[in-house]
Amino acid sequence: MVKICILGGGFIGRFYAESLIGRRGKDPVKVIYARREETAKRFAADYKVAHYTTDMEAAITHPETDLVVIALPNYVHEEAVMLCVKHKKAVLCTKPLGRNAKEALRMTLAVEEAGIFAGYLEDLCYTPKFLKSVKSVESGAIGRVLWAKSRETHPGPHSDWFWDLEKAGGGAIVDMGCHCIEIARNFIGKDVLPVEVMCWADTQVKPIEAEDHAIGLVKYENGAIGQFEVSWTFRGGMDLRDEVMGTEGTIWINSFLRTGFEMFSSGEGTDYVAEKAETTAGWLFPVGDEAHELGYPNMFIDMFESFENGTQPRETFYDGYVVNAIIDAAYKSAKTKLWEPVELPVWRGKRGLTKPSVYTEYDRDHWFIKEEILPNKDKKVIIRHKTTGEIIEKRVD
């Protein structure tokens with residue numbers, strides 16, 4: 001049993017509590033910290049948490065705290081992590097780890113030097129569909145991964161600080177691109193070096209300084225490409241989709257907006273539909289178990305089992321640092337309109353990878369391009385002559 005302290009009594013803190021407490025879990029939440037007393041008090045009452053406080057350090061050092069879960073705004077992450085380091089408390093931090101790579105690296109090195117357990121709460125890398133998809137990729141089911149694309153779009157976040165460029169560290173890219181980038185890294189290989197980024201970003205709708213819409217490409221050393229699409233301007237709810245294309249297959253994942261649960265309502269009722277749902281009238285797309293579909297229970301199981309076993313979780317602070325470095329390059333590219341290098345002064349993966357050869361031999365004189373069966377049942381092959389480069393189509397009996 002791990003006794004938990006949650007820092008943050010808002011939206012994400014409550015999602016975490018639903019996953020930890022609402023499922024009769026063995027790991028109890030004993031302490032809750034929030035900046036406002038009314039928030040902490042209400043959280044404690046709702047989830048039957050014994051101790052609440054508006055003093056962060058007191059929450060971390062509380063005798064009932066074994067492990068700290070950070071569910072705070074981006075600009076408070078480093079302060080909270082450093083307090084955990086100071087008092088040698090295990091820590092889990094919500095995404096993104098930092099507002100930028102420098103913050104993330106300071107936190108990563110600090111927890112490592114202190115020798116405390118640390119995990120990166122990247123929930124979308126723990127959804128049931130994602131975990132099964134990653135296993136399929138790792139087993140070779142779709143061959144070599146060429147392209148991994150992830151999309152998260154919705155009408156915008158729920159708290160004021162998200163919209164503040166300084167407090168958040170950015171807009172839609174740092175808020176949601178962190179999910180998409182790490183999803184692609186898992187499919188391509190987290191030990192494969194991200195080399196450079198090309199990104200378009202703009203503020204299309206919201207009266208803010210940060211971007212509310214962005215699309216980016218991340219080039220990896222092995223020739224694979226990652227793609228992220230993020231927006232706070234999308235109307236119609238929250239859209240979470242991933243696609244992975246390999247040399248031997250393709251995976252499509254729809255995690256939220258279309259899950260097989262559809263309902264029509266005149267709008268008479270006022271029940272909650274789903275996160276970021278914009279209406280309670282018309283055709284609605286509820287989500288049966290949001291916490292499960294978003295990966296929270298699987299994430300905490302991995303974190304607590306890793307903590308108890310003295311092993312590393314699937315998602316570490318180091319992963320959060322790499323994601324922040326890619327985001328930094330994306331922001332730079334959005335300004336320069338150029339491919340910008342990913343700056344990783346600390347890289348622990350492979351180096352020197354090259355794109356595999358695209359040439360497969362058909363026979364002694366030709367390279368293989370494609371084989372197919374036509375509607376008339378004829379079978380043909382398209383090949384290229386090794387010397388002349390001539391493209392040849394031939395029927396195969």
Using the benzene-type ring in the case of Trp, are the ring centres of F317 and Y321 under 6.0 Å apart?
no
Salt bridge E182-K95, side-chain N to carboxylate O under 4.0 Å:
no
Do K41 and F43 come close enough that some side-chain heavy atom pair is under 4.5 Å?
no
What about F11 and H158, are their ring centers closer than 6.0 Å?
yes
Steps toward side-chain contact (heavy atoms from CB on, under 4.5 Å) verdict (L374, E372):
CA-CA 6 Å; L374 301 177; E372 68 176 306; 4.0 Å; yes
I'd like to know if the side chain of T388 reaches the main chain of H385, judged simply by a donor and an acceptor atom lying under 3.5 Å from each other, with no hydrogens or angles considered.
no
Any salt bridge linking E211 with K206? Criterion: basic side-chain nitrogen under 4.0 Å from a carboxylate oxygen.
no
Would you say CD of E343 has more than 12 non-hydrogen atoms from neighbouring residues, nucleotides or ligands within 6.0 angstrom?
no
Linking I/L/V/M/F/W/Y whenever their side-chain heavy atoms sit closer than 4.5 Å, directly or via other members, would Y75 and L121 fall into one cluster?
yes
Between the side chains of E103 and H77, does any donor sit under 3.5 Å from an acceptor?
no
Just one of D212, D175, T153 clears the side chain to side chain donor-acceptor pair (under 3.5 Å) bar with W232, so which one?
D175
Near R348 CZ, under 6.0 Å, is it more than 12 heavy atoms from other residues, nucleotides or ligands?
yes
Side-chain contact, heavy-atom cut-off 4.5 Å: L294 with F15?
yes
Checking N324 side chain against G98 main chain: does a donor-acceptor pair fall under 3.5 Å?
yes
Would you call I225 and V218 a side-chain contact if the rule is heavy atoms closer than 4.5 Å?
no
Give a yes or no on whether the ring-centroid distance for F368 and Y359 is below 6.0 angstrom.
no
Would you say K102 has more than 12 foreign heavy atoms packed within less than 6.0 Å of its NZ?
no
Euclidean distance, C178 SG relative to L124 CG, rounded to 0.5 Å:
8.5 Å
Okay, side chain of D319, backbone of T316: is any donor-acceptor separation there less than 3.5 Å?
yes
Checking T108 against E112: is there a side-chain donor and acceptor pair closer than 3.5 Å?
no
Pairwise side-chain contact, P341 with V195, heavy-atom cut-off 4.5 Å (strictly under):
no
SB check R384 E393 (cutoff 4.0 Å)
no
Audit row: S150, D242, side-chain hydrogen bond (donor to acceptor under 3.5 Å, both in side chains) steps and yes/no
CA-CA 4 Å; S150 184; D242 306 321; 2.7 Å; yes
Kindly indicate, with the supporting measurements, whether the criterion side-chain hydrogen bond (donor to acceptor under 3.5 Å, both in side chains) is fulfilled by Y126 and D302.
CA-CA 9 Å; Y126 288 93; D302 176 46; 2.6 Å; yes
Is it true that atom CD of E371 has more than 12 heavy atoms of other residues, nucleotides or ligands lying nearer than 6.0 Å?
yes
Please confirm whether the backbone N or O of C5 pairs with a side-chain atom of K30, one donor and one acceptor, at under 3.5 Å?
no
Under-4.0 Å salt bridge between R42 and D46
yes
For F307 together with F117, are the ring centres under 6.0 Å from each other?
yes
Check: E18 side chain, L20 main-chain N or O, donor-acceptor pair, under 3.5 Å
no
Exercise: identify the closest heavy-atom pair between W163 and P157
CZ2-CD, 3.3 Å
Give me the atom names and distance for the closest heavy-atom approach of V342 to V197.
CG2-CG2, 3.7 Å
So, S231 side chain and T233 main chain: donor-acceptor pair closer than 3.5 Å or not?
yes
R99 side-chain N/O to A168 backbone N/O, donor-acceptor pair under 3.5 Å
no
Which distance, rounded to the nearest 0.5 Å, do you find between the CD of E315 and the CG of L97?
11.5 Å
Determine, for K380 against D378, whether the closest basic-nitrogen to carboxylate-oxygen distance falls under 4.0 angstrom.
no
Side-chain heavy atoms of V244 within contact of K149, under 4.5 Å:
no
Can you give me the closest heavy-atom contact between A118 and V111, atom names plus distance?
CB-CG2, 3.8 Å
Does the side chain of W367 reach to within under 4.5 Å of the side chain of Y362, using non-hydrogen atoms?
no
Could you tell me which non-hydrogen atom of A59 sits nearest to which non-hydrogen atom of L7, and how far apart they are?
CB-CD2, 4.1 Å
Within 6.0 Å of CD in Q204, more than 12 heavy atoms from elsewhere:
yes
Using modelled atom types only, decide if a donor and an acceptor are shared between the side chain of S133 and the backbone of K129 within a distance under 3.5 Å.
yes
To the nearest 0.5 angstrom, please state how far the CH2 atom of W347 sits from the CD atom of E221.
8.5 Å
If you measure from CG on D27 to OG on S19, what distance do you get to the nearest 0.5 Å?
12.0 Å
Which atom of A201 lies closest to which atom of A214, heavy atoms considered:
CB-CB, 3.8 Å
Could you walk me through whether T61 and E57 satisfy the side-chain hydrogen bond (donor to acceptor under 3.5 Å, both in side chains) test, starting with their C-alpha distance in whole Å, then the side-chain angles of each, then the deciding distance to 0.1 Å, before giving a yes or no?
CA-CA 6 Å; T61 59; E57 191 163 10; over 6 Å; no
Side-chain heavy atoms under 4.5 angstrom apart, residues restricted to Ile, Leu, Val, Met, Phe, Trp, Tyr: same cluster for W252 and F256?
no
So, W200 versus H213, ring centres under 6.0 angstrom or not?
yes
When you check the gap from the basic side-chain N to the acidic O, do E243 and R151 get nearer than 4.0 Å?
no
Using distance alone, with no hydrogens and no angle criterion, decide if W283 and E262 have a side-chain donor and acceptor under 3.5 Å apart.
no
Is it true that atom CD of E209 has more than 12 heavy atoms of other residues, nucleotides or ligands lying nearer than 6.0 Å?
no
With no hydrogens and no angle check, is any side-chain donor or acceptor of H62 less than 3.5 Å from a backbone partner on T65?
no
For the pair D363 (side chain) and D365 (backbone), establish whether a donor and an acceptor sit closer than 3.5 Å, ignoring hydrogens and angles.
yes
Any T94 side-chain heavy atom under 4.5 Å of Y16 side chain
yes
In sequence, state the C-alpha distance, the side-chain angles, and the governing distance for Y318 and L105, and then conclude on side-chain contact (heavy atoms from CB on, under 4.5 Å).
CA-CA 8 Å; Y318 181 77; L105 184 57; 6.0 Å; no
Any chance NZ of K337 has more than 12 other-residue heavy atoms, nucleotides or ligands included, within less than 6.0 Å?
yes
H292 and Y296: aromatic ring centres closer than 6.0 Å?
no
Report yes if some heavy atom in the side chain of K89 is under 4.5 Å from a heavy atom in the side chain of I116; otherwise report no.
no
Run the numbers on I251 and I142 for side-chain contact (heavy atoms from CB on, under 4.5 Å), then give the verdict.
CA-CA 8 Å; I251 295 173; I142 67 168; 4.1 Å; yes
Closest approach of P313 and G119, non-hydrogen atoms and distance?
CG-CA, 4.1 Å
Any salt bridge between E122 and R314, counting N to O under 4.0 Å?
no
